[in-house]
Amino acid sequence: LVAELKDELASARRKLEDAAELRDINASMSAQIKRNEQAAAQLAAAKAEAQRARQEADALRRSLDDAADLKRRLTYSELLEHEHRQLQQAHEVLTSTLER
């Protein structure tokens, strides 16, 4: 009977040790899950920030394209104004020559 009780006591101790080890593993896994959740939240925030940055970059590219287009149109307009002045001067010279 004493031997049986000793065996049961030893078995109960092993079960307690196993339970304590499982508790430690569970606590470690819970901590890892929390870290993973925090990392996932940080990743989501970083993705959102990257998306905002891409949108800002796209808006800046469109703005630069618009500015380049405006510059081309202004340059063309300036060219037309210059040609118009030259034509006016030529007209004035021809009119003056014809009047003499």
Side-chain angles (χ1 to χ4, degrees):
L1 180 66
V2 172
E4 280 182 31
L5 288 174
K6 284 184 178 181
D7 285 345
E8 285 183 33
L9 183 59
S11 175
R13 282 186 181 143
R14 283 192 301 276
K15 287 180 182 177
L16 281 174
E17 289 170 357
D18 289 346
E21 186 177 336
L22 288 174
R23 234 184 350 263
D24 291 345
I25 290 171
N26 187 36
S28 174
M29 291 179 87
S30 292
Q32 184 62 46
I33 289 169
K34 280 186 180 181
R35 288 191 297 274
N36 289 351
E37 288 170 346
Q38 290 171 342
Q42 290 173 342
L43 179 60
K47 284 182 177 181
E49 181 61 29
Q51 179 63 29
R52 282 191 294 276
R54 278 192 295 276
Q55 290 171 342
E56 284 182 29
D58 289 344
L60 286 173
R61 269 193 290 284
R62 284 190 301 275
S63 179
L64 285 172
D65 289 345
D66 291 347
D69 184 48
L70 181 59
K71 182 179 177 185
R72 279 190 297 278
R73 284 189 272 146
L74 286 173
T75 301
Y76 182 68
S77 176
E78 290 169 354
L79 179 63
L80 289 177
E81 286 177 22
H82 178 68
E83 287 179 5
H84 179 70
R85 282 192 302 274
Q86 285 182 329
L87 288 172
Q88 277 182 326
Q89 289 172 353
H91 180 265
E92 290 170 6
V93 168
L94 285 174
T95 303
S96 165
T97 303
L98 289 173
E99 287 175 354
R100 287 189 225 158

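Residue numbers start at 1 and run along the sequence shown. Given the structure is predicted, the values throughout are model-derived calculations rather than measurements.
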- Item | Pairs flagged by salt bridge (charged side-chain N to carboxylate O under 4.0 Å, His left out) wherever residues 35-52 is involved - sequence neighbours left out | E49-R52

- How would you list, by chain and number, every residue that makes a side-chain contact (heavy atoms from CB on, under 4.5 Å) with E83, sequence neighbours excluded? L79, L80

- Message: For residues 12-31, which residue pairs pass the salt bridge (charged side-chain N to carboxylate O under 4.0 Å, His left out) check, not counting sequence neighbours?
- Response: none

- Message: Give me each pair satisfying salt bridge (charged side-chain N to carboxylate O under 4.0 Å, His left out) with a member in residues 87-100, each pair once, sequence neighbours excluded.
- Response: none

- Message: Show every side chain to side chain donor-acceptor pair (under 3.5 Å) that has at least one partner inside residues 54-64, sequence neighbours left out.
- Response: Q51-R54, D58-R61

- Task: Examine distances only and state if a side-chain atom of S11 and a backbone atom of D7 form a donor-acceptor pair shorter than 3.5 Å.
- Result: no

- CE of M29 to CG of L22, rounded to nearest 0.5 Å, is 10.5 Å

- Item | Gap between atom CG of N36 and atom CG of L43 - 0.5 Å precision | 11.5 Å

- Sequence neighbours excluded, every pair satisfying side chain to side chain donor-acceptor pair (under 3.5 Å) that has a member inside residues 67-82: D69-R73, H82-Q86

